Amino acid sequence: MTGKPFTILGIETSCDETAAAVVRGTAPGPGEILSNIVFSQIEAHAPYGGVVPEIASRAHLEILDDIIQRALDEAKVPVGDLDGIAATAGPGLIGGVMVGLTTGKALALGAGKPLIAVNHLMGHALTARLTHGVAFPYLLLLVSGGHCQLLGVGGPNDFRLYGSTIDDAVGEAFDKTAKILGLPYPGGPAVEKAAKMGNSRAYDLPRPLLNRRDESRADFSFSGLKTAVRQLAQQEISVEDACASFQAAVIDILRDRTQIAMNLFRRDFPGASTFVVAGGVAANQAIGTALAGLCKEEGFVTRIPPPRLCTDNAAMIAWAGVEQLTDHAAGDALSVSPRARWPLATGSI
Ligand code: KG4
Ligand code: ZN
C-alpha cells in the first residue's frame with residue numbers, strides 16, 4: 001500500500017439492499033473492511049416476485065440512518081475521523097438512490113467532509129482491488145440483476161466496452177427463470193441450488209447469438225433462453241433438470257463471449273492477463289468454475305471477490321470512494337443529482 005490510507009463511509013441504496021460500510025485503504029488495494037452492514041429487503045419484496053420500487057425507497061428511508069450508525073459503531077470510527085463519504089448516485093431505482101445520496105450529502109455537509117458520488121457499477125467493477133489488490137488493466141465481466149457487460153478496465157475512470165446484453169441482464173434471466181419454475185425470489189441462488197441436483201443435458205436449450213459469432217463484439221442475448229424455459233415449463237418437467245440445463249446454457253454463452261472479449265482486451269492491453277468477474281451473478285460457483293477453466297486455457301488469471309462482496313454492498317461503494325480520492329477525481333458532489341441510468345463506458349446500455 002502506498003500513501004496515507006483513506007477512511008471512507010460507503011452508502012448503498014440503489015436496489016433492494018440498504019447498506020453502509022467503513023473501508024480503509026489506498027489504491028491499488030487491498031483495503032481493510034472495518035464494517036460492512038447489509039440489510040436485505042428480500043422479505044418485503046418476495047411476495048411480489050421482484051423488487052417493488054415504492055416499497056424499496058420507503059424501506060431505505062426507514063432504516064438507513066440506523067444502518068449507517070451501526071456501520072460507524074462497528075468500525076469504531078466517529079464521523080469526524082472519516083476522510084470522506086461515498087454514496088451511490090446511480091444507476092438504480094431513482095427513489096432509493098435519492099434516499100442514499102441525500103443522506104450522504106447531509107452527513108458530509110454537517111461534518112465538513114467531502115462527498116463522493118459513486119457509480120454503482122464502478123463499485124462492482126473495482127471490488128477485486130479492494131479484495132485482492134488487482135492491478136490495472138484487467139478484463140471485467142460485470143454480471144448483475146440489471147447489467148451484463150464485458151469491459152476492459154484501464155484505470156479507475158477508464159472503462160472500454162467490448163460487449164453488453166441486447167435484451168435481458170443475466171441476473172434478470174436467472175430471476176425470471178426462477179419465477180417461471182416456481183422458485184423463490186431472488187432467483188439466482190435458488191436456481192443454482194436446484195441445478196446442483198439436476199442433469200444439465202436433460203433439456204436442449206438455445207444459446208442465443210452463439211451461432212452468429214462476430215469477433216469484433218462480445219454482445220449477449222438472454223431473452224430467447226428465457227422464452228425457451230417458459231415453453232419448456234408448459235410440459236411435465238423436472239425443475240432441477242430445467243435449472244441445470246438453463247445454467248449450462250448461461251455458462252456456454254458467458255464462456256463464448258468472454259473468449260471473444262479476451263482477444264479484444266489483448267489488442268488494447270498487450271501482455272495483460274487478469275480476468276475479474278463481479279456483480280451478483282459472480283456469486284454463482286458453477287459459473288466461476290467454468291470461467292476459471294476458460295482462463296486456464298487462455299493464459300489468464302481469474303479473480304472473483306467472495307460472494308458477499310459480489311452481491312450489492314456498501315464496502316464496494318466506500319472502496320470506489322477510496323479510488324476516487326487516490327485518483328484526485330472526486331469533484332463537487334454536493335451538486336450531483338441522482339441518476340436512474342449511468343453507463344460506465346460510452347456506448348453501453
Ligand atoms: O449485483 P446485485 O446484487 O444487484 C444488482 O446490482 O443488480 O445482483 C443481483 C442479481 C440478481 O439477479 C440475483 O438473482 C443474482 O444477482 N444472483 C445470482 C446468484 N446470487 C445472486 N445469480 C446466479 N447465481 C447466484 N448464486
Ligand atoms: Zn449491483
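Just so you know, these numbers come straight off a predicted model, no measurement behind them. Note: hydrogens, waters and symmetry copies are ignored here, and every other heavy atom, side chains too, is used.
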Look at atom CZ of Arg201 and say whether more than 12 heavy atoms of other residues, nucleotides or ligands are closer to it than 6.0 Å. no
Report yes or no: is the cationic atom of Arg129 (NZ for Lys, CZ for Arg) under 6.0 Å from the centre of the six-membered ring of Phe136, at an angle within 45° of the ring normal? yes
Answer yes or no: is there an ion pair linking Lys113 with Asp83, defined by an N-O contact shorter than 4.0 Å? no
Closest heavy-atom pair and its distance - Thr131, Pro30: O-CB, 3.9 Å
Is there a chain of hydrophobic side chains (I, L, V, M, F, W, Y, each step under 4.5 Å between heavy atoms) that links Val281 to Val38? no
State whether the side chain of Lys105 and the backbone N or O of Val336 hold a donor-acceptor pair below 3.5 Å, judged by distance alone. yes
Looking just at side-chain N and O atoms, do Gln247 and Asn284 make a donor-acceptor pair shorter than 3.5 Å? yes
Backbone N or O of Ala19 within a donor-acceptor pair of the Asn313 side chain at under 3.5 Å? no
I need the minimum non-hydrogen distance between Ala318 and Ala21, along with the two atoms involved. CB-O, 4.2 Å
So with a 6.0 Å cut-off around CD of Glu215, is the heavy-atom count from everything else above 12? yes
Answer yes if the side chains of Asp73 and Gln69 hold a donor-acceptor pair under 3.5 Å, and no otherwise. yes
Do Ser14 and Glu12 meet the criterion of a side-chain donor-acceptor pair at a distance under 3.5 Å? yes
Nearest non-hydrogen partners of Leu225 and Ala249, listed with the distance: CD1-CB, 3.8 Å
Can a salt bridge be assigned to the pair Lys226 and Asp168 using a cut-off of 4.0 Å between side-chain N and carboxylate O? yes
Can Leu150 and Phe220 be said to form a side-chain contact (heavy atoms from CB on, under 4.5 Å), step by step? CA-CA 10 Å; Leu150 277 155; Phe220 304 86; 3.5 Å; yes
Indicate yes or no for a side-chain donor-acceptor contact from His147 to the backbone of Val170 under 3.5 Å, with no hydrogens or angles considered. no
On the 0 to 90° scale, with breaks at 30° and 60°, tag the Phe300-Phe275 ring pair as parallel, tilted or perpendicular. perpendicular
Can you see which heavy atom on Ala117 is nearest to which on Ala89, and at what distance? CB-CB, 3.9 Å
Is Ile317 linked to Ile33 within one hydrophobic cluster, defined over Ile, Leu, Val, Met, Phe, Trp and Tyr using a side-chain heavy-atom separation of less than 4.5 Å? yes
Quick one: closest heavy-atom pair of Val322 and Thr326, and the distance? O-OG1, 2.6 Å
Is any NZ, NE, NH1 or NH2 atom of the basic residue among Lys176 and Glu172 found under 4.0 Å from an Asp or Glu carboxylate oxygen of the other? yes
Distance-only, no hydrogens or angles: does the His60 side chain make a donor-acceptor pair with backbone N or O of Thr13 under 3.5 Å? yes
So, taking the atom named CG in Leu115 and the one named CG in Leu101, what distance separates them when rounded to the nearest 0.5 Å? 6.5 Å
Closer than 3.5 angstrom, by distance alone: can the side chain of Ser40 be matched with the main-chain N or O of Ile42 as a donor-acceptor pair? yes
Could you work out, with side-chain contact (heavy atoms from CB on, under 4.5 Å) as the rule, every residue matching Ser245, not counting sequence neighbours? Ala202, Tyr203, Leu205
Ignoring hydrogens and angles, state whether a donor on the side chain of Tyr162 or Asp219 is under 3.5 Å from an acceptor on the partner side chain. no
Check this for me: Asp204, atom CG, are more than 12 non-hydrogen atoms of other residues, nucleotides or ligands nearer than 6.0 Å? no
Criterion side chain to side chain donor-acceptor pair (under 3.5 Å) on Glu240 and Asn199, from CA distance to verdict: CA-CA 7 Å; Glu240 284 84 6; Asn199 173 6; over 6 Å; no
Output all residues satisfying salt bridge (Lys or Arg N to Asp or Glu O under 4.0 Å) with Arg230, sequence neighbours left out; order by chain, then residue number. none
Pair Arg255 + Glu297, salt bridge at N-O below 4.0 Å: yes
Quick check on the hydrophobic clustering: are Leu109 and Ile85 connected, directly or via other members, by side-chain heavy-atom contacts under 4.5 Å? yes
Working for salt bridge (charged side-chain N to carboxylate O under 4.0 Å, His left out), residues Arg266 and Glu298: CA-CA 11 Å; Arg266 284 193 195 102; Glu298 294 282 337; 2.9 Å; yes
Hey, is the main chain of Val52 close enough, under 3.5 Å, to the side chain of His45 for a donor-acceptor pair? yes
Which pair of heavy atoms, one from Asp175 and one from Gly188, lies closest together, and at what distance? OD1-N, 3.6 Å
Are more than 12 heavy atoms, taken from residues, nucleotides or ligands other than Arg207, located less than 6.0 Å from that residue's CZ atom? yes
What's the spacing between Leu139 CG and Leu264 CG if we round to 0.5 Å? 9.0 Å
Decide whether Val276 and Trp319 are clustered together by the hydrophobic rule: side chain heavy atoms of Ile, Leu, Val, Met, Phe, Trp, Tyr closer than 4.5 Å, transitively. yes
Would a distance-only check, ignoring hydrogens and angles, find a side-chain to backbone donor-acceptor pair under 3.5 Å from Ser35 to Val22? yes
Would you check, one step at a time, whether the test side-chain contact (heavy atoms from CB on, under 4.5 Å) holds for Leu183 with Val239? CA-CA 9 Å; Leu183 295 174; Val239 168; 4.2 Å; yes
Is the closest side-chain donor-acceptor distance between Asp16 and Tyr185 under 3.5 Å? yes
